[in-house]
Structures are given as C-alpha cells and as structure tokens.
Amino acid sequence: MTPAVPSALFADRLRRAGEVAALHDTDLLLVTPGTDLQYLIGAEGSSHERLTCLVLPAAGHRAPPALVVPRLEAPGLAGLPLEELGVEIVTWTDGDDPYLLVSDLAGGPTRIGLVDSMPAAHVIGLRDAFPEVAQELAGPVIRELRMRKDPAEVAELRAAGAAIDRVHARMGEFLKPGRTEKQVGADIAAAILEEGHRQAAFVIVGSGPNGASPHHDVSDRVIESGDVVVIDIGGPLPSGYNSDCTRTYAVGGEPAASVREAYAVLQDAQERAVAAVRPSVTAEQVDAAARQPIRAAGLGERFVHRTGHGIGLDVHEEPYIVGGNELQLEPGMAFSVEPGIYLDGEWGARIEDIVVVTDNGCERLNTRPRDLVVL
Ligand code: ZN
Ligand code: ZN
Ligand code: ZN
C-alpha cells in the first residue's frame, strides 16, 4: 500500500468530504474498504467479515476522523499517511463488537452516510449499534468529489487510455480467422499487462452473432473470415485508475455493404456525442446526441444501453450519460462515449472512447482510428 497520491491531496479530499457531508446534512460518513476508501486515504483492498471502517465526521463536528481496523490487520496500514492526515487508528480484537466501537467514536450523530459498496452485514451491524439514527447512502456526498478529476487523476486516466490504445494497435497480432474468442482474449489479456496495466479486468471478444450481446465475454466460438468483432477491453493501472476502450474490427476481408452502412451511422453518432461534450451541457444531452442519428437511421431499437459511464478508480462510476440525467457537465468529469448497434443473431458494433471535459469542450483519451478496421 504505497499511495501515489501526495498526502496533501488526501488531506484536501478528507476535508472536502466533511464539508460536502455537512451541506447534505449528514453528520458522519462511514467508509468501508473499496474505491471510496482508496480515494480518501489511499487504502486498497476490499471489505470482508471483519469490520474496517473510516469514521469521518462532517465539518463542524469535533471528533477527528478515525480508522477502525481489526488488530491483526493494523500492520498493513504502515504505508498510509494516517498520522499526517490526523486519522486516529482504533484497533479491535476478535470477540469485541466493532460496531459499538464505531458508535462510541461517533459522538451522537442523527444522520449517517454509508458508502454505497458497504456489505449488508456491516450495514445491519451498524444499524443495530445506532438504533435511532437514520442511515443513508454516502454516494451523493462522495460522488461530488470523485466525479471531478484533479489534474493528477486526469494524467492517470490519460496514461491508462494510451496503454489500452497500444493494445488495440496490436490487434492484428491476435485477431485472426480460425482462432477462438478465448484464444484471442488470452493474448489480449497478456498484452494489457505488457502495456502497463496491473490487471486485465475485462476482455470482451464478441465475434459474429456474439457481438450483438453488449457484455459478452469470450467463448469457444471460432472466428470466421468475414466476421465483425467487437473488442471491449480495459483494466486498472498500478494507481488503480482504469482504461476502457472499444473498437470494432472486420476480420479476413471486407464486410457486407449493409454492415458498412450501419457502421457509418454508428461512427457519426459517436462523433456527434463527443462533439456535444462541454461544460454546462447535461449528461442526457450527450446521450441524446448519440441516439438521434441512430434513431434517424431506423436503428434506435438496436442501441440498447446508455451512451456512457464515468470512469476513475471504478470502471463504472458517476456521471452516467443517460436519458433523465440532468447533471451539468463540468471540467474534470471523465466518462465513456460508447454508442452501439446490436443486431440479434447477426452482428454488433460499438465505438468507445473515454473523454475528459475541458474548459471549452473535451479531450479524448483514446485516439485509435474509429472506422471499421479490416484485419
Ligand atoms: Zn459496458
Ligand atoms: Zn465502458
Ligand atoms: Zn468498454
């Protein structure tokens, strides 16, 4: 656990989380391991049955933040700047009630915010320890911070984008007729690691009819000459910031004219949606910009998902680029623009770039050619 983030940034995030919590009338945030905890203090790892929990009072409450942690896991915190951040470490031993420990530290809150990813066992344990206190999700508080990436975070996302672009640039090495999706996927996963990721978190190789299933994985299907293949790949860098990029390829020769035609519509839709991204435009306006040309071509029913999702320490996070989301975009927001067209039983196509909102538009973090590349 050696955080790449300077401790001054963590101090700032803790302070702002407390301020936003106060604005939301939340007295206390309770943060179990996961990406929210990683964002706030650099602690990696996931939740399990023994409670680890950051107890973070809203601004204006006297108690300092504390990290409740099982005694046997305390040595693992050595790399974190907890002392510098003024976070007290409070250990507990098997047989103690860690939830009562949290309520002792909490100092009489009336509303507590629990991170969205907290396991139900801990949610219920905390409810029993705070019987009179209203529990709510901390997501609306923490997303106010995580949605707006600072320059160091944007730099990480940019590096992740460049790394996954290098994998797409090598696709001709992997994607060939006569190979199974699984074989191709294994090579891609190895390349994702070679190009600097710490994990190949997802590798979608959707060939032929499998391309019509947006979240297809890989299968034993043998890729044939003439197939259209959707390749959607990504994962985290060592810092935890993720890549996510989709390109669609035609394998072994020119695709049918009808494929070319539909693909041109998709490419136009993706361009229009990216062109729509700038501050004060809403998330749903970007979604509409992608949807309109696809609908006009009579393919509206074939675009079966939202246009995009935020990305950062999680592959899917706020802001979601979806109809009904009136959130106004701001500089530093990072998300995917990934319209798709899916013809059940036949083929599918998707084009996905990560973009970051700038002062007057956006920066694309993926720059590989977006046309239907023939391999
Ligand atoms: Zn997806
Ligand atoms: Zn995506
Ligand atoms: Zn993707």
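Every value quoted in this text rests on a predicted model; they were computed, and no experiment measured them.
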**OP:** For residues Glu144 and Glu19, determine if any side-chain heavy atom of one lies less than 4.5 Å from a side-chain heavy atom of the other.
**Re:** no

**OP:** Return yes if some donor-acceptor pair links the side-chain N/O of Asp227 with the main-chain N/O of Val229 below 3.5 Å, else return no.
**Re:** no

Subject >> Side chain to side chain, Pro339 and Ile294, heavy atoms closer than 4.5 Å >> reply: yes

**OP:** Output the distance between atom CG (Leu40) and atom CG (Leu145), rounded to the nearest 0.5 Å.
**Re:** 7.5 Å

Original post:
Any sub-3.5 Å donor-acceptor pair from Asp371's side-chain atoms to Val373's backbone N or O?
Top reply: no

Original post:
Any side-chain heavy atom of Glu284 sitting closer than 4.5 Å to one from Val322?
Top reply: no

Original post:
How far apart are the closest heavy atoms of Phe174 and Val167, and which atoms are they?
Top reply: CE1-O, 4.1 Å

**OP:** Quick one: closest heavy-atom pair of Leu29 and Ala138, and the distance?
**Re:** CD2-CB, 3.9 Å

Without placing hydrogens or testing angles, list every side-chain donor-acceptor pair under 3.5 Å for residues 65-84, not counting sequence neighbours.
unit_1	atom_1	unit_2	atom_2	d
Glu73	OE2	His48	NE2	3.0
Glu84	OE1	Ser7	OG	2.8

Original post:
For Asp96 and Pro98, which heavy atoms make the closest approach, and how far apart are they?
Top reply: O-CD, 3.3 Å

Original post:
Who pairs with Asp94 by side-chain contact (heavy atoms from CB on, under 4.5 Å), at least two apart in sequence or on another chain?
Top reply: Arg50, Trp92

**OP:** Applying side-chain contact (heavy atoms from CB on, under 4.5 Å), run through Glu181 and Asn210 and close with a yes or a no.
**Re:** CA-CA 10 Å; Glu181 291 176 356; Asn210 291 340; 2.9 Å; yes

Original post:
Hey, is the main chain of Arg364 close enough, under 3.5 Å, to the side chain of Arg158 for a donor-acceptor pair?
Top reply: no

Subject >> Pair Asp220, Thr180: side-chain N/O donor-acceptor within cut-off below 3.5 Å >> reply: no

Subject >> Heavy-atom donor-acceptor pair, Asn366 side chain to Ile354 backbone, under 3.5 Å >> reply: yes

Original post:
Run the side-chain contact (heavy atoms from CB on, under 4.5 Å) check on Ile321 and Arg306 step by step: do they pass?
Top reply: CA-CA 6 Å; Ile321 308 303; Arg306 66 191 175 210; over 6 Å; no

**OP:** Mind checking side-chain contact (heavy atoms from CB on, under 4.5 Å) for Ser117 and listing every partner two or more places apart, or none if nothing turns up?
**Re:** Val115

Original post:
Got Glu317 and Arg146 here, is their nearest side-chain heavy-atom distance under 4.5 Å?
Top reply: yes

**OP:** Compare all side-chain heavy atoms of Ser47 with those of Thr32 and state whether any distance is below 4.5 angstrom.
**Re:** yes

**OP:** Determine yes or no for a side-chain-to-main-chain donor-acceptor pair under 3.5 angstrom, with Asp165 supplying the side chain and Thr367 the backbone.
**Re:** yes

Subject >> Spacing of Asn242 atom CG and His316 atom NE2 [to the nearest 0.5 Å] >> reply: 9.5 Å

**OP:** Taking the side chain as every heavy atom from C-beta outward, state whether Ile192 and Gln199 have any atom pair closer than 4.5 Å.
**Re:** no

Original post:
Would a hydrophobic clustering, with Ile, Leu, Val, Met, Phe, Trp and Tyr connected at side-chain separations under 4.5 Å, put Ile231 with Ile164?
Top reply: yes

Original post:
Could you state the interatomic distance from NE2 (His122) to CD1 (Ile124), rounded to the nearest 0.5 Å?
Top reply: 12.0 Å

Subject >> Residues Tyr263, Ile351; criterion side-chain contact (heavy atoms from CB on, under 4.5 Å); working and verdict >> reply: CA-CA 10 Å; Tyr263 190 88; Ile351 304 170; 3.4 Å; yes

Subject >> Verdict with reasoning, Arg221 to Ser207, per side-chain hydrogen bond (donor to acceptor under 3.5 Å, both in side chains) >> reply: CA-CA 8 Å; Arg221 184 178 183 278; Ser207 69; 2.7 Å; yes

Subject >> Transitive ILVMFWY side-chain link Ile41 to Leu30, under 4.5 Å >> reply: yes

Original post:
Can you name the closest pair of heavy atoms from Leu372 and Pro255 and give their distance?
Top reply: CD2-CG, 3.6 Å

**OP:** For residues Ala290 and Thr307, report the shortest heavy-atom separation together with the two atoms involved.
**Re:** CB-OG1, 3.6 Å

Subject >> Shortest non-hydrogen separation from Leu299 to Ala262 and the atoms involved >> reply: CD1-CB, 4.1 Å

**OP:** Is it possible for you to say whether Leu266 and Leu343 belong to one hydrophobic cluster, with membership spreading through side-chain heavy-atom contacts below 4.5 Å?
**Re:** yes

Original post:
Are Phe202 and His215 close enough that their ring centres sit under 6.0 Å apart?
Top reply: no

**OP:** Check whether any side-chain heavy atom of Phe335 lies under 4.5 Å from a side-chain heavy atom of Val355, and answer yes or no.
**Re:** yes

Subject >> Steps toward salt bridge (Lys or Arg N to Asp or Glu O under 4.0 Å) verdict (Arg170, Glu194) >> reply: CA-CA 12 Å; Arg170 292 175 57 189; Glu194 285 163 23; 3.0 Å; yes

Subject >> Verdict with reasoning, Gln38 to Thr35, per side-chain hydrogen bond (donor to acceptor under 3.5 Å, both in side chains) >> reply: CA-CA 5 Å; Gln38 187 182 353; Thr35 52; over 6 Å; no

Original post:
Checking side chain to side chain donor-acceptor pair (under 3.5 Å) against Tyr342, which of Glu301, Arg302, Arg350 comes through?
Top reply: Arg350

Subject >> Heavy-atom donor-acceptor pair, Asp27 side chain to Ile112 backbone, under 3.5 Å >> reply: no

Original post:
With no hydrogens and no angle check, is any side-chain donor or acceptor of His309 less than 3.5 Å from a backbone partner on Pro319?
Top reply: no

Original post:
Are side-chain heavy atoms of Arg13 and Asp150 found at a separation under 4.5 Å?
Top reply: yes

Subject >> Arg198 CZ: over 12 foreign heavy atoms closer than 6.0 Å >> reply: yes

Original post:
Which value, rounded to the nearest 0.5 Å, describes the distance between Ile311 atom CD1 and Ser243 atom OG?
Top reply: 6.5 Å

Subject >> side-chain hydrogen bond (donor to acceptor under 3.5 Å, both in side chains) between Ser239 and Glu156, intermediate numbers included >> reply: CA-CA 8 Å; Ser239 63; Glu156 282 300 318; 2.6 Å; yes

Subject >> Stepwise side-chain contact (heavy atoms from CB on, under 4.5 Å) check, Val356 with Met333 >> reply: CA-CA 6 Å; Val356 182; Met333 290 183 177; over 6 Å; no

Original post:
Would Leu313 end up clustered with Tyr320 when hydrophobic side chains under 4.5 Å apart are linked, directly or stepwise?
Top reply: no

Original post:
Would you say Arg272's side chain and Ala289's backbone share a donor-acceptor pair under 3.5 angstrom?
Top reply: no

Original post:
So how far is it from Gln328 CD to Asn325 CG, rounded to the nearest 0.5 Å?
Top reply: 11.0 Å

Subject >> Under 3.5 Å donor-acceptor, Asp353 side chain and Val337 backbone >> reply: no

Subject >> Single-linkage hydrophobic cluster Val141~Met118, side-chain heavy atoms < 4.5 angstrom >> reply: yes

Original post:
Under 3.5 Å, is there a donor-acceptor pair between the side chain of Gln285 and the main chain of Thr282?
Top reply: yes

Original post:
Can Glu338 and Ser336 be said to form a side-chain hydrogen bond (donor to acceptor under 3.5 Å, both in side chains), step by step?
Top reply: CA-CA 6 Å; Glu338 52 174 312; Ser336 69; 2.8 Å; yes

**OP:** Report the distance from atom CZ of Arg370 to atom CZ of Arg247, rounding to the nearest 0.5 Å.
**Re:** 5.0 Å

